[in-house]
Amino acid sequence: DCGTGAADALACPRIRSRRRRSPPFKAWATLDANAAFAVAKSFPPELRSDAIHAVLDGADASVAGSLATSINELRRAVFT
């Protein structure tokens, strides 16, 4: 467990790892969100969520429709 306070969260290896992974995907999403999403969804489950969230954070509104479609396809693949 990583604790509940801000200092605990900063010391938590899981959260530190997430902070290192997210910036590249967020930056990539500003250039090509669909390609970044395609790679993010290929990650193992324990890494996938953070990478996808970073893509969604960095993506421009102009690609929202295609990302929504990709998320729905991913959801169908995971839950069927």
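Every residue two or more places apart in sequence or in another chain was checked for a side-chain hydrogen bond (donor to acceptor under 3.5 Å, both in side chains) with Thr30, and none qualifies.
Considering all non-hydrogen atoms of both residues, Leu67 and Ala33 come closest at CD2-O, 4.0 Å. Of all heavy-atom pairs between Arg48 and Lys41, the closest is NE-O, 3.2 Å. Ala51 approaches Ala40 most closely through the heavy-atom pair CB-CB, 3.6 Å.
Counting only heavy atoms from C-beta outward, the side chains of Ile71 and Phe37 approach each other to under 4.5 Å. Residues Phe25 and Asp50 form no side-chain contact, since every pair of their non-hydrogen atoms from C-beta on lies 4.5 Å or further apart. Put simply, the side chain of Leu74 reaches to within 4.5 Å of the side chain of Ile52, judged on heavy atoms.
In this structure, Ser49 contributes its side chain and Pro45 its backbone to no donor-acceptor pair below 3.5 Å.
Note: His53 NE2 to Lys26 NZ = 12.5 Å, rounded to the nearest 0.5 Å.
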